[in-house]
Novice: 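Sharing a structure with you now.
Given the structure is predicted, the values throughout are model-derived calculations rather than measurements. Scope of the values below: all heavy atoms of this structure, side chains included, with no hydrogens, waters or symmetry mates.
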Amino acid sequence: MGASPIDTIHHSFGTLLDYNKDTFPYKEFVLGVMSTVFLWEEYLRFRYYRKLCATEVPKALREHVSQETFDKAQAYGRDKARFGFVETVFNLVQNSLSIVYDFLPWLWNLSGDVMFRLAGYGSEYEITQSIVFFVLLTVFSTIISLPFSLYQTFVIEERHGFNKQTLKLFISDTIKGHLIGGVIGMPFLAGFLKVIKLGGENFYLYVWLFMVVFQLIMVSIYPTFIQPLFNKFDPLPEGELRTMIEALASRISFPLTKLFVIDGSKRSGHSNAYFYGFFKNKRIVLYDTLLEHSNNEEVCATLAHELGHWACNHTIQMLAFAQVQLFAVFYLFSQFVNNKAMYTAFGFMDSTPTLIGFLLFQFLYSPVESVLQFFVNMNSRRNEFQADAYARELGYAAPLASGLVKLQLKNLGAMNPDWLHSMYYKSHPELVERLNAILTPAHGSKVEKVE
């Protein structure tokens with residue numbers, strides 16, 4: 001018999017797992033991986049940036065895209081690429097300095113001091129100290145990332161006509177997001193660490209089950225209780241579009257119970273559509289921005305694509321893969337959690353906190369995660385083609401193609417992509433690939449040019 005997936009993953013980490021002494025250079029390994037990934041991703045960014053500097057509309061898009069729109073998309077892409085470079089360099093420097101100068105041990109000790117001064121608790125209250133550490137780390141991360149978030153929203157997105165937020169709304173969203181994150185995150189973290197403490201050597205099984213239950217709860221409550229704190233959901237009014245969507249759902253036996261329009265234009269000019277819900281209680285959400293630039297046939301075609309994911313069980317497939325990956329992560333973490341040498345290498349001389357161990361393990365696991373994400377993206381692109389084919393089989397080839405073109409142009413998406421950059425980063429096929437697959441010669445459809 002062949003090796004099991006767990007055995008294979010275990011073997012891939014064999015070099016690290018065998019070094020429970022003070023011999024393996026953990027810190028140097030992490031710094032080397034970070035630098036290698038940075039160089040690789042910047043090489044990809046450079047390839048893509050060269051494509052963004054092109055001034056001629058690609059031949060495959062000339063019948064769909066005007067020169068003016070192509071120029072706008074290229075400018076938007078260049079701005080985002082330059083911003084991404086600056087942000088990535090900053091993050092590399094910040095993370096490298098944090099590792100070299102032992103920021104995590106300092107913050108852990110600070111959290112212990114804060115806990116002692118506020119409640120008189122000592123280091124034996126590890127879970128409480130971990131929560132204080134989590135709060136302090138969130139505060140530091142928010143302060144550091146805030147200038148980048150502000151620039152991206154109020155400079156780049158504003159310059160290209162996408163930002164609809166006011167500074168007041170931005171601040172309100174940030175505060176609400178952190179408050180909700182704290183209300184949910186702190187009890188979750190306490191439960192997560194408690195399960196690991198009580199689980200013994202096989203804690204990875206129990207903490208995986210804990211995570212599965214938590215994810216199911218979050219999937220259930222987020223669209224119903226959390227997202228309405230940020231956006232307004234209105235029922236789609238009675239009319240032709242609603243009748244067409246209900247007919248589509250009935251045609252394919254999709255258990256549609258509610259149909260909403262969300263005020264996405266409150267924050268951004270980008271558009272989208274999605275569905276959510278378990279079993280026989282499915283709900284469809286349309287962005288108001290989608291309704292503004294798409295006709296009824298195109299909206300139905302977009303939904304036919306989304307419902308194709310449901311019909312092909314893509315959501316269940318991706319969820320199942322995510323759970324397998326999560327189980328593997330926790331299993332591998334169980335091999336490192338008691339590795340004193342790993343903690344010592346990163347400056348934790350006198351303690352081995354579980355939360356810190358998990359953060360350090362994530363540093364070590366990051367190259368594996370990058371490889372896995374590449375394959376996840378490959379499978380996701382395959383799923384997108386299947387969902388497009390499903391919509392085409394329902395008779396939506398032409399409106400789906402024209403809707404995709406409009407969506408791409410209104411969002412100023414990539415018009416001249418680099419194949420290697422797309423293969424590594426993109427979870428969706430490029431527009432030209434999708435159009436070629438949708439508009440086969442048998443359908444003989446054309447998409448009119450969009451200005």
Novice: Would you say the side-chain atoms of Tyr424 and Glu41 include a donor-acceptor pair closer than 3.5 Å?
Specialist: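 Checked: Tyr424/Glu41 side chains pair up, N/O donor to acceptor below 3.5 Å.
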
Novice: Checking the side chain of Asp79 only, and the main-chain atoms of Ile156 only, is there a donor and an acceptor separated by less than 3.5 Å?
Specialist: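 Side chain of Asp79 to backbone of Ile156, a donor-acceptor pair under 3.5 Å: no, none is there.
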
Novice: I need the minimum non-hydrogen distance between Gln215 and Gln323, along with the two atoms involved.
Specialist: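 What the structure gives for the nearest pair is OE1-NE2, 2.8 Å.
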
Novice: Indicate whether any N or O donor in one side chain lies under 3.5 Å from an N or O acceptor in the other, for Thr142 and His178.
Specialist: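 Thr142 vs His178: donor-acceptor pair found between side chains.
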
Novice: Can you give me the closest heavy-atom contact between Leu400 and Ala391, atom names plus distance?
Specialist: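 Shortest heavy-atom contact: CD2-CB, 3.7 Å.
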
Novice: Under a 4.5 Å cut-off applied to non-hydrogen side-chain atoms, are Thr128 and Phe133 in contact?
Specialist: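 When only atoms from C-beta onward are counted, Phe133 and Thr128 do not touch, as no gap falls below 4.5 Å.
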
Novice: Sub-3.5 Å donor-acceptor pair from the side chain of Asn411 to the main-chain atoms of Gly413, do we have one?
Specialist: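 Checked: no pair found.
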
Novice: Got a sec, which residues hit salt bridge (charged side-chain N to carboxylate O under 4.0 Å, His left out) with Asp173, two or more places apart in sequence or on another chain?
Specialist: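 Salt bridge (charged side-chain N to carboxylate O under 4.0 Å, His left out) check on Asp173 returns Arg267.
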
Novice: Does NZ in Lys258 sit with more than 12 non-hydrogen atoms of other residues, nucleotides or ligands closer than 6.0 Å?
Specialist: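 No, not enclosed.
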
Novice: Could you pull out the closest heavy-atom pair between Ala345 and Tyr26, with the gap in Å?
Specialist: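 Looking at all heavy atoms of both residues, the shortest contact is CB-CB, 3.8 Å.
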
Novice: Would you sort out whether Leu364 and Val33 count as a side-chain contact (heavy atoms from CB on, under 4.5 Å), showing the intermediate values?
Specialist: CA-CA 9 Å; Leu364 301 173; Val33 167; over 6 Å; no

Novice: Between Phe275 and Phe260, is the ring centroid distance below 6.0 Å?
Specialist: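 Ring centroids of Phe275 and Phe260 are no less than 6.0 Å from each other.
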
